[in-house]
Amino acid sequence: MKKFLALCTLLAMLCGLVAPAFADNVAATPAAAPVAAPAAASAVAATAAPAPTPNKGDTTWMLTATLLVIMMSIPGLALFYGGLVRSKNMLSVLMQVFSIFALITVLWAIYGYSLAFTQGSGALSPFIGGFDRLFLKGIFDPVSGSVANAATFSKGVVIPEFAFVAFQATFAAITVALIVGAFAERMKFASVLLFSALWFTFAYLPIAHMVWFWMGPDAYTDQAAADTATAAAGWLFQKGALDFAGGTVVHINAAVAGLVGAFLIGKRIGYGKEPMAPHNLVMTMIGGSLLWVGWFGFNAGSALEAGGTAALAFMNTLDATAAAALTWSLAEWLLRGKPSVLGGVSGAVAGLVAITPACGWVGVGGGLVIGAIAGVACFWGVTGLKKMLGMDDALDVFGVHGVGGILGALLTGVFNNWGMGGTGIVDYVNNKIIDTEIGAQVWIQAQAVLTTIIWSGVVAFVCYKIVDLTIGLRVPEEAEREGLDTTSHGERAYNL
């Protein structure tokens, strides 16, 4: 560990750690904590007069960031995945991603947002929320025409709650859609939808609540109030887990579910014997590029304000992704003789995944190091690790999102430290920034990673089994050989 930390320190110094520029923004925009819950708005109203009103710039940024994340899913992820499968399954993947996005968006409005971002009751409160926002009730007042506000990460600063709801809906939708890459080309469409609804309810929502739910900064008026507010927060939030934009909630969560599915559903017919090369790398390149652009909304939008933290997350998303694309390509060049387009795009996605939990917590140098390591680590994940596990993870969901998510989550604990150029964390009671201790924070990050792996894995296993026992998981052999485009949807992507 000491040698590893020393190496990371040297690399970070060479990359040029940037912390002072962030420190200049501390008073206006504190370092972002896990996503705040709208319940904090009530705390604001109780302790401040007059009640804060949303800043139009913050609101505009959050709506823009939400649009960017929608673009990540449709068309970004859809085209990225679609180009990677065989031509006979192109439409099936597009339809799965598109339909999952629609399904989860509806479920989010009905009950998902409430269970993820309101306070629960009794012993289950640290693990799942309540029903105060079913059907998004209570956000809009038809009599006054007013909309409730949600907390950000600065005391007295709020955004419209609907903006927060929509932003988080896109996170939930793309997380579930990521899973389909693991079992692409062989699962029934109805089964995909049923599994998605079950896993979203029993895996995504609890993990999101455990990591991101808290009462907001205005609840932290003194130590006694802070203790009460923290006790009402999610279980992993209480432990101090840092996940700026979804390393655990999104990437590890989805990757583990995909891995379980790849094992349970089994390998594609002819896997390892027949050619299964991507049918259209141009579409994969387009989709990957849209993912990179949309990811700025994903990461920088998680600051919930248009300030210094958003700018830091934006810069880290730019640099870490570029670094990972280069290191993946270099590794492939050295080991296989040629750098491929697929490798470059996959490296970029690996960098995006790894920087996601860290983007608002680390300096630029730390972000570059995380990205550079992710490119090599995820290259191994889709080559060496995939062979070791012996499963048919069709589009390398675990190799990229699992390996990259775990790496990024753990390295967040390393590079958040001031000595590594990180931002530290906010002490909302004393209104100051404090440092983290590397060893202790890495251990907290490891607990969050392990919790997510176990929770998602167990829930995914049960959900797959329920689907298999009711409507079945896999299409018939004849349908798989012909292709899901025609057998499941009655259409062809290409009429030549």
Side-chain angles (χ1 to χ4, degrees), residues 4-5 8-9 11-12 15-19 21-22 30-35 153 171 211-212 236-237 240-253 292 295-296 298-303 308-324 327 348-378 400-426 433 435-438 440-449 452:
F4 172 74
L5 294 179
C8 289
T9 303
L11 289 171
C15 291
L17 289 168
V18 179
F22 175 81
V35 174
F153 303 116
F171 275 59
V211 175
W212 281 340
L236 291 171
F237 180 92
L242 303 178
D243 188 352
F244 194 84
T248 51
V249 180
V250 176
H251 298 293
I252 300 173
N253 209 5
W292 192 349
W295 222 290
F296 289 107
F298 196 85
N299 284 356
S302 292
T309 303
L312 176 65
F314 193 104
M315 194 69 209
N316 278 330
T317 304
L318 179 65
D319 285 347
T321 308
T327 56
V349 175
L352 290 166
V353 169
I355 199 59
T356 291
C359 57
W361 294 114
V362 304
V364 174
L368 283 167
V369 174
I370 291 172
I373 296 174
V376 177
C378 293
V400 174
H401 296 273
V403 173
I406 292 170
L407 177 72
L410 295 177
L411 290 183
T412 299
V414 175
F415 289 104
N416 176 249
N417 177 267
W418 286 350
M420 302 296 286
T423 65
I425 57 175
V426 179
I433 306 295
D435 198 7
T436 53
E437 195 278 316
I438 293 177
Q441 190 61 49
V442 170
W443 169 234
I444 293 171
Q445 299 299 105
Q447 292 178 68
V449 169
T452 305

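All residue numbers refer to positions in the sequence shown, counting from 1. Basis for what follows: all heavy atoms, side chains included, without hydrogens, waters or symmetry-related copies.
For Ala448, the side-chain contact (heavy atoms from CB on, under 4.5 Å) partners two or more places apart in sequence, or in a different chain, are Leu236, Ala241, Thr248. In this view, Ala440 and Glu437 satisfy the side-chain contact (heavy atoms from CB on, under 4.5 Å) rule, not counting sequence neighbours. Residues passing the ring pair (Phe, Tyr, Trp, His ring centres under 6.0 Å) test with His401, sequence neighbours excluded: His251. Considering only residues two or more places apart in sequence or on other chains, Ala374 meets the side-chain contact (heavy atoms from CB on, under 4.5 Å) condition with Ala354, Leu407. Contacts of Thr317 classified as side-chain hydrogen bond (donor to acceptor under 3.5 Å, both in side chains), with partners at least two apart in sequence or in another chain: Asn299. Looking at residues two or more places apart in sequence or on another chain, you find a side-chain hydrogen bond (donor to acceptor under 3.5 Å, both in side chains) between Asn253 and Ser456.
Checked by atom type and distance alone, the side chain of Gln441 never pairs as donor or acceptor with a backbone atom of Phe415 at under 3.5 Å. Side-chain atoms of Trp212 do not come within 3.5 Å of backbone N or O of Gly246 as any donor-acceptor pair. At distances below 3.5 Å, at least one donor-acceptor pair connects side-chain atoms of Asn316 with backbone N or O atoms of Val362. With hydrogens and angles ignored, the 3.5 Å screen pairs a side-chain donor or acceptor of Gln445 with a backbone N or O of Leu242. Thr423 places a side-chain N or O within donor-acceptor distance of the main-chain N or O of Trp361, the cut-off being under 3.5 Å. Remark: side-chain polar atoms of Asn416 are paired, donor with acceptor, to backbone N or O of Gly424 under 3.5 angstrom.
Distance check, rounded to the nearest 0.5 Å: CZ of Phe296 to SG of Cys359 gives 11.0 Å. Here CG of Asp319 is found 12.0 Å from CD1 of Ile370. Values are rounded to the nearest 0.5 Å.
Here the closest non-hydrogen pair linking Val353 and Pro357 is O-CD, 3.4 Å. Pairing each heavy atom of Ala323 with each of Leu368, the nearest pair is CB-O, 3.8 Å. Across all non-hydrogen atoms, the minimal contact from Phe237 to Val211 is CB-O, 3.7 Å. Minimum interatomic distance between Gly371 and Thr327 (heavy atoms only, all atoms of both residues): O-OG1, 4.1 Å.
Side-chain contact check for Thr309 versus Phe244: some heavy-atom pair is nearer than 4.5 Å. At least one side-chain heavy atom of Val250 sits less than 4.5 Å from a side-chain heavy atom of Phe298.
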Could you go step by step and tell me if Leu410 and Val414 meet the side chain to side chain contact (heavy atoms under 4.5 Å, CB included) rule?
CA-CA 7 Å; Leu410 295 177; Val414 175; over 6 Å; no
- request: Before giving the answer on side chain to side chain contact (heavy atoms under 4.5 Å, CB included), spell out for Ile433 and Trp418 the whole-Å C-alpha distance, their side-chain angles and the decisive distance to 0.1 Å.
  value: CA-CA 10 Å; Ile433 306 295; Trp418 286 350; 3.9 Å; yes
